[in-house]
Amino acid sequence: MSTSKKQSSLTEAMLLATVARRFYVQGRSKLEIADEFGVSRFKVARMLDTAMESGLVRVEFALPAPVDLALSDEVRSAYGLDRALVLERSTEREPKEVVRAKIGTLAARLLEEVVRTDDIVGLSWARSVNAMTEAIRTLPRCPIVQLCGVQAGMDMRGRSVETVSRVTAVSGGDAYPIFGPLVLPDRRTTETLRRQPGIAETFGQFRNLTKAVVSIGAWQPGESTVYDALDEAERAAIAARGATAEVAARLFDASGNALSTGLAHHVLAISHEELMAVPEVIALGYSKPKASAVDAVLRSGMVSTLITDAAAAVPLLALAAKNPPR
């Protein structure tokens, strides 16, 4: 009795495998397979489903990068993005520096593919954007524009001026740097610096941008360049206004609305309006602590492509399910 059972199981498995081979490998239609085996095309469809559900047939995707295809597709669909690239789950156990390097490498590969000679590309300052610039190997000749000033206290390699220089060294295009601090003491000083010829020329390029690469910061310690650059009183005052996320020194509340605070008048950075007008924005935002900030920025409608990790993607999907983006 047991022998008959095994034989029956083997026979069924062979039939399912043969039908699956006809369909997936040889490209035969369900109708052609039905004619060959003397069954209905609906029966063929059920056989293919059974082969997949039983594990007899497994689908594997050999992507050229360590990307979680299912999570990427779910995040893209949930937020209506052009693209979402989510690092595979194994990165959840890796140090943040390793994840940052992988995010940067993924962003570099994408930028190398999508940038054209007629583009004008903007780069914000961020450790992940710096990691991207170090991984770029080739880029068409195009202008590179710095989106915000330099954070005080950064070493030269980490500064946004050096970030722009590294990319233009690869592309051979014109560089538009901002030789000035990110955060300034007052509005008067900020306006004086903006009128300086070199900085004014860079600010004049903001309206011409066709692509931008930015990093999403969360309004909490260690998760935003701007947050860390301010004193405690100003951080708290901005938090009380509802700040959740920061991109290139511009703030967003939890619903993705631009947040107007006094900070806007003493930073050297692209404006909210100019950021929103860029046709293609690639945003880098990863790690679980930044999930709410990433959610907020995606709700703004500014982002075309998100590059993130599974640690942020899973809570992101929960946030989108609880309160679907408009």
Side-chain angles (χ1 to χ4, degrees), residues 85 87 91 95-111 121-136 144-168 175-178 180-183 202 206 209 211-230 243-252 263 267-270 272 274-275 278 280-294 296-298 300 302-309 311-312:
L85 301 176
L87 283 177
T91 58
K96 193 170 184 178
E97 295 74 18
V98 175
V99 177
R100 181 187 302 135
K102 289 186 175 182
I103 290 282
T105 299
L106 200 54
R109 297 294 83 80
L110 177 64
L111 205 65
V121 180
L123 300 178
S124 72
W125 183 90
R127 293 179 181 90
S128 53
V129 177
N130 291 345
M132 178 198 75
T133 64
E134 291 176 354
I136 289 176
I144 306 296
V145 182
Q146 187 176 329
L147 300 183
C148 53
V150 178
Q151 181 191 14
M154 291 303 301
D155 60 52
M156 284 303 295
R157 187 164 181 77
R159 294 183 178 183
S160 48
V161 173
E162 297 304 306
T163 298
V164 169
S165 298
R166 284 198 296 271
V167 178
T168 53
Y176 292 89
I178 296 175
L182 174 62
V183 180
T202 296
F206 292 160
L209 294 171
K211 290 182 173 65
V213 183
V214 300
S215 175
I216 298 173
W219 200 249
Q220 53 186 284
E223 301 294 344
S224 162
T225 304
V226 179
Y227 182 99
D228 293 339
L230 301 179
T244 298
E246 174 260 318
V247 175
R250 300 307 174 186
L251 304 174
F252 297 83
L263 176 67
V267 291
L268 282 177
I270 188 171
H272 272 118
E274 289 164 328
L275 261 179
V278 180
E280 184 171 355
V281 174
I282 299 167
L284 317 183
Y286 58 99
S287 78
K288 189 175 180 179
K290 284 189 178 179
S292 294
V294 174
V297 174
L298 295 185
S300 75
M302 177 184 74
V303 176
S304 311
T305 296
L306 173 68
I307 300 179
T308 187
D309 62 353

Practice prompt. Could you tell me the separation between the CG atom of Leu106 and the CG atom of Leu85, rounded to the nearest 0.5 Å?
Written response: 5.0 Å
Worksheet item: Can you tell me how far CG of Leu110 sits from CD1 of Ile136, rounded to the nearest 0.5 angstrom?
Response: 10.0 Å
Discussion item. Can a donor-acceptor pair be found, under 3.5 Å and without considering hydrogens, that links the side chain of Arg127 to the backbone of Glu97?
Written reply: no
Item to complete: Compare all side-chain heavy atoms of Trp125 with those of Gln146 and state whether any distance is below 4.5 angstrom.
Response: no
Discussion item. Looking at every non-hydrogen atom in both residues, tell me the closest pair between Ala101 and Ala131 and how far apart they are.
Written reply: CA-CB, 4.4 Å
Worksheet item: Considering only heavy atoms from C-beta outward, does the side chain of Val214 approach that of Leu275 to under 4.5 Å?
Response: yes
Worksheet item: Does some side-chain heavy atom of Met132 sit less than 4.5 Å from a side-chain heavy atom of Leu123?
Response: yes
Item to complete: Answer yes or no: is there a donor N or O on one side and an acceptor on the other, between the side chain of Lys290 and the main chain of Ala312, under 3.5 Å?
Response: no
Item to complete: Inspect the contact between Glu223 and Lys96 and indicate whether a charged nitrogen and a carboxylate oxygen are less than 4.0 angstrom apart.
Response: yes
Practice prompt. To the nearest 0.5 Å, tell me how far Ser304 OG sits from Leu298 CG.
Written response: 10.5 Å
Worksheet item: Could you walk me through whether Ser124 and Val129 pass the side-chain contact (heavy atoms from CB on, under 4.5 Å) check?
Response: CA-CA 7 Å; Ser124 72; Val129 177; 4.2 Å; yes
Item to complete: With rounding to the nearest 0.5 Å, note down the distance linking NZ in Lys211 to CG in Leu111.
Response: 8.5 Å
Fill in: Least distance between heavy atoms, Thr168 atom then Ala175 atom
CG2-CB, 3.6 Å
Item to complete: Could you tell me which non-hydrogen atom of Tyr176 sits nearest to which non-hydrogen atom of Val164, and how far apart they are?
Response: N-CG1, 4.4 Å
Worksheet item: Of the non-hydrogen atoms in Met302 and Val281, which two are nearest, and what is the gap between them?
Response: O-CB, 3.4 Å
Practice prompt. Identify the two heavy atoms, one from Ala269 and one from Ala248, that lie closest to each other, and give their separation to 0.1 Å.
Written response: CB-O, 3.4 Å
Fill in: Minimum heavy-atom distance Ala212-Leu147, with the two atoms named
CB-CD1, 4.3 Å
Worksheet entry | Rounded distance [0.5 Å steps], CG in Leu87 versus CD1 in Ile307 | 8.5 Å
Discussion item. Is the shortest side-chain heavy-atom distance between Leu263 and Leu230 below 4.5 Å?
Written reply: yes
Worksheet item: Heavy-atom distance under 4.5 Å between the side chains of Arg100 and Asn130, does that happen here?
Response: no
Discussion item. If I take atom OG from residue Ser292 and atom CD from residue Gln220, how far apart are they, to the nearest 0.5 angstrom?
Written reply: 8.5 Å
Worksheet entry | Worked check of side-chain contact (heavy atoms from CB on, under 4.5 Å) between Val99 and Tyr286 | CA-CA 9 Å; Val99 177; Tyr286 58 99; 3.9 Å; yes
Discussion item. For a side-chain contact (heavy atoms from CB on, under 4.5 Å) check, start with the C-alpha distance between Ile270 and Val145, then their side-chain angles and the critical distance, and finish with the verdict.
Written reply: CA-CA 10 Å; Ile270 188 171; Val145 182; over 6 Å; no
Discussion item. Donor-acceptor check, side chain of Ser128 to backbone of Gly104, threshold 3.5 angstrom: yes or no?
Written reply: no
